[in-house]
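Residue numbers start from 1 in every chain, and the chains themselves are labelled A, B, ... in the order their sequence lines are given, proteins ahead of strands. Keep in mind that the numbers below use all heavy atoms, side chains included, and drop hydrogens, waters and symmetry copies.
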Amino acid sequence: MYRHLERRLVEHLREFLRRTYDLETANIVVEQPPKIEFGEYALPVAFELARSLRKAPRKIAEEIVAGVGEISGFEKFEVAGAGYINVRLSRAEFATAVAADQSPAADVRPGKVLVEHSSINPNKAAHIGHLRNAILGDTFVRLLRFAGREVDVQNYIDNTGAQVADVVVGFLHIERKSRAQIEALAAAPRFDYVCWDLYARVAHWYEEDKANLQARAATLHSIEEGNNETAAIADLISVAVLKRHLETMDRLDIEYDFLPRESEILHLHFWDAAFTKLKEAGVLTYENDGKNSGCWVMRRAGTAKHAKTNAEDAEVNAENAEIKEEDQKVIVRSNGTVGYVGKDIAYHMWKFGLLGRDFGYRKFYRYPNAHDCWISTTDGEKDHPHFGEVAEIYNVIDARQSEPQNTVIEALRGLGHGEAADRYTHFSYEMVALTPRCAAELGYTLSDEDKARSWIEVSGRKGFGVKADDLLDALIASARKEVDARHPELSEVERAGIATQVAIGALRFFMLKFTKPSVIAFDFNDALSFEGETGPYVQYAVVRASNIFRKGGYDPESFCRDAADRISTEDFAKYLTGESGNDIWELWLAAAKTSYIVGQCIATTEPAYLAKHGFQLAQLFNTFYHRYPILSEANVGRKKFLLVTAAVVRRELIRVLGAMGITAPPVM
RNA sequence: GGGCCCGUAGCUCAAACGGAUAGAGCAUCGGAUUUCUAAUCCGGCGGUUGCAGGUUCGAUUCCUGCCGGGCCUACCA
């Protein structure tokens, strides 16, 4: 609604400027006034026009206000300050529409969207870094679906790499376990924890004696070759750990549709198909000398020179024809094997339906809600959903991977698929690290240098980090203590359920409230907080709103649905003016912004705006709740109005939380 | 060396295409009429937005340089 009116305002104004000044204004900026009393929209357009019209901004603003005329839904235009135009909505009309949940159909872009996130190596337990990835990715999926897009969720599994081989080495060479023993371990709970520790030990074992690295090379070779005991063990380990990851993420309501695996990219020869096309298009060049002699290389992303003038064009092109050694990315090694960037290029050609090959598919994991997650195989089931061949992709991968991601994009461009390259988004975010204090709490001894840092990077290789399940367990235990103290009358099951909801709310909100480029320095104190700018704060606002209706014996949904029957436009207008009206109007306006915010989040790939919005809405509601007792309100008309207000805000808070993958408990 | 990111209150973070008095939370100090109310609310304290220039009517935001920190820059995946 808010967004729709903004668009209407801009269109009208553009038309007015065209008519009056014969000006084409490409971009009319709309802002929000610093205070609610000033109106709902602020237009700084007069400042911009001052130069071309050779008039004072204030004068232009006055002319616009005088001449702009009536726009449906808007009440008035005013000049403010040195030339701002503040615009006021018709509050009653707006509130009626918001209560009824009228939102004019937004134009949804066609085509399926593929979001890939998590992509955890299946050789050890998931840690907090993976949680940030999965929560960002899953929230983005929810945002896209909220906006009406069709979305496939993928989780890429690198099951043939050195990390998996290392755990195999650990079991066979250090632990000296048989296949049957490993199978038994894999079937036990939290097998991923066993691998977490073993993986760190293997890294240490390599360091003790470099000769031990031969075991890795041999294991890696056997895995790639396939059809042998070692490969079978690697497969059983990676599948078991993968299942654990799915269980961990399911605790957070994170589900996947498809799990493409590197092993199938290898066995189904995706690379061969891609290699041919890349050579034909001249994306790859063969090096005859230098350090990369015998390799197929491509230009590293961002190293091409760009001409600043036409005169430079020829010169720059000549320079770009030859790729300097330091700008070369080896795609195919001199021994003929392909590196991971090459496989990634082939994989992304598949995503856009440009490869001419497909995976086999098999059902792999059924969620408690009966949703099936599929996995890649060489030969699959006949009936399967259609994956790949999508219109847009978003890869949720941390910022460290931006160079290879850009290289893949450049390869697509080089293949002549510029439009695909443009619809490829590296959803980049910074890592989760630990504060020195947190690291110390975990029992790690720190150097003086580390102690002075503001954060320390986690390392799976060293077994240094906070495991996702451990954090969740700690959050649930902490929430449980609060619930037990507040609601001793509830059953064991009820209290456990509430504690889980609160824990998930706290965790998901925590990971979303930071903007993507900010490194999260993880600390248990911050993450375990349930007060202030947290998920539970927002959940609690919903619980409070629900309490009003439960204790009053009303149905909140019906108060939204039938708002217009219960309250006349005149009453809306009456209660939304004056000092207290302004307070409450601010709440209504914030509640109406949800879909506007969702649009912002998608356009900027920044879910943090949603967390911020949820918190602000909850904050406004809490103030309202405190200031205006509802059930004891003597004036019947005003009481109805306050109930509608609470019902609408409750509805929007539930929506915002839902888009973040958070549910509100019945009581807190 | 090159590329990308970050630097805002004691701490952790916001500030939508450049906009009106730079905002929250935490911490700290002081308060909240027995109500749908404490996982909450109100108030106090707290800022030369790393530094220096430039562009602009206007800069935390854009540009240049410097200072400080991080990440990436393998024929490993």
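- Heavy atoms of A:Gln32 sit under 4.0 angstrom from at least one base atom.
- Distance A:Glu586 CD to B:rG23 P: 14 Å, rounded to the nearest Å.
- A:Glu457 comes within contact range of the sugar-phosphate backbone alone, with a heavy-atom separation under 4.0 Å but no base atom that close.
- Applying the 4.0 Å criterion to OP1 and OP2 of B:rC13, one finds that A:Lys612 has every side-chain N and O outside that range.
- Defined by atom type and a distance below 3.5 Å, a donor-acceptor pair is present between the side-chain atoms of A:Arg650 and A:Ser546.
- Atoms CG (A:Asp450) and P (B:rG70) sit 11 Å apart, rounded to a whole Å.
- Regarding A:Arg216, its CZ atom lies at a distance of 10 Å from the P atom of B:rA77, rounded to whole Å.
- Rounded to an integer number of Å, the gap from A:Asn288 CG to B:rC75 P is 18 Å.
- Between the side chains of A:Arg550 and A:Asn547, at least one donor N or O lies within less than 3.5 Å of an accepting N or O.
- Residue A:Glu262 has its side chain nearest to B:rA77 when only B:rC72, B:rC41, B:rA77 are considered.
- Side-chain contact, A:Glu40 with A:Tyr2: no donor N or O sits under 3.5 Å from an acceptor N or O.
- Looking at RNA chain B, the stems built from 3 or more consecutive Watson-Crick or G-U wobble pairs, each pair with its key distances under 3.5 Å, are B:1-7 with B:67-73, B:10-13 with B:23-26, B:28-32 with B:40-44, B:50-54 with B:62-66.
- Among the heavy atoms of the strands, none lies under 4.0 Å from A:Phe549.
- Within the 4.0 angstrom heavy-atom criterion, base atoms lie near A:Val30.
- Within 4.0 Å (heavy atoms only), A:Tyr340 reaches at least one base atom of the nucleic acid.
- Of the residues in residues 535-548 of chain A, A:Tyr537, A:Tyr540, A:Arg544, A:Asn547, A:Ile548 come within less than 4.0 Å of RNA chain B through at least one heavy atom, sorted by number.
- Counting non-hydrogen atoms under 4.0 angstrom, A:Ser478 reaches nothing in the nucleic acid.
- Spacing between atom CG of A:Leu610 and atom P of B:rA15 amounts to 14 Å, rounded to whole angstrom units.
- In terms of position on RNA chain B, the residue among A:Phe624 and A:Gly81 whose nearest nucleotide sits closer to the 5' end is A:Gly81.
- Counting only heavy atoms from C-beta on, A:Lys35 has its side chain closest to B:rU21 among B:rU35, B:rC41, B:rU21.
- In the interface, the side chain of A:Glu31 is not paired with the base of B:rA16 through any donor and acceptor atom under 3.5 Å apart.
- Using modelled atom types, one finds a donor on one side chain and an acceptor on the other under 3.5 Å when comparing A:Thr663 with A:Gln501.
- Map A:Ala399 and A:Phe47 each onto its nearest nucleotide of RNA chain B; the residue landing nearer the 5' end is A:Phe47.
- Taking only side-chain nitrogens and oxygens, A:Gln405 never comes nearer than 4.0 Å to OP1 or OP2 of B:rC72.
- Scanning atom types as modelled, no donor and acceptor separated by under 3.5 angstrom connect the side chain of A:Lys513 and the base of B:rU12.
- Geometrically, A:Lys516 engages A:Phe427 in a cation-pi contact, judged by NZ or CZ lying under 6.0 Å from the ring centre and within 45° of the ring axis.
- The phosphate of B:rA77 (OP1 or OP2) has a side-chain N or O of A:Arg333 nearer than 4.0 angstrom.
- Syn is the conformation of B:rC17, whose glycosidic angle sits no further than 90° from 0.
- A donor and an acceptor atom, one from each side chain of A:Asn133 and A:Ser118, are nowhere located under 3.5 Å apart.
- Within the 4.0 angstrom heavy-atom criterion, no nucleotide atom of any strand lies near A:Glu326.
- Nucleic acid contact class of A:Arg453 (heavy atoms, under 4.0 Å, all strands): sugar-phosphate only.
- Between the C1' atom of B:rG69 and the CE atom of A:Met431 lies a distance of 11 Å, rounded to the nearest Å.
- In this structure, A:Ala42 reaches the bases: a heavy-atom distance under 4.0 Å links it to at least one base atom across the strands shown.
- Side-chain contact annotation: A:Arg132 with A:Tyr429, donor-acceptor N/O pair under 3.5 Å absent.
- Side-chain N/O atoms of A:Gln328 and A:Asn292 include a donor and acceptor closer than 3.5 Å.
- Nucleotides B:rA16 and B:rA22 are separated by 15 Å at their P atoms, to the nearest Å.
- The closest side-chain donor-acceptor pair between A:Lys639 and A:Ser632, if any, does not fall under 3.5 angstrom.
- For B:rC41, its base never sits under 3.5 Å from the side chain of A:Thr623 at any donor and acceptor pair.
- Side-chain atoms of A:Asp158 and A:Tyr340 include no donor-acceptor pair closer than 3.5 Å.
- Test A:Gln163, A:Lys124, A:Arg461 against A:Tyr199 for side chain to side chain donor-acceptor pair (under 3.5 Å) and you get one pass: A:Arg461.
- A distance of 11.0 Å separates CD in A:Glu586 from CG in A:Leu617, rounded to the nearest 0.5 Å.
- Counting to the nearest Å, the P atom of B:rU35 and the NE2 atom of A:His626 are 12 Å from each other.
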**Asked** Could you write nucleotides 2-11 of chain B as a row of B, S and -, 5' to 3', where a protein heavy atom under 4.0 Å of any base atom gives B, of only sugar-phosphate atoms gives S, and otherwise -?
**Response** ---S------

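- Heavy atoms of A:Asn86 sit under 4.0 angstrom from at least one base atom.
- The side chain of A:Asn292 places an N or O atom within less than 4.0 Å of a non-bridging phosphate oxygen (OP1 or OP2) of B:rC75.
- Proximity of the aromatic rings of A:Phe641 and A:Tyr628 is defined here by a centroid distance below 6.0 angstrom, and this criterion is not met.
- Computed from coordinates, the A:Glu606 CD to B:rC13 P distance equals 14 Å when rounded to whole Å.
- Within the 4.5 Å cutoff, the side chain of A:Tyr537 has no heavy atoms near those of the A:Phe509 side chain.
- Contacts of A:Val502 with the nucleic acid, taken as non-hydrogen atoms under 4.0 Å apart, include base atoms.
- For the atom pair CD of A:Gln405 and CG of A:Asp398, the computed distance is 10.0 Å after rounding to the nearest 0.5 Å.
- At the heavy-atom level, A:Arg627 lies nowhere under 4.0 Å from the strands shown.
- A:Val330 comes within 4.0 angstrom of the backbone, heavy atoms only, and of no base.
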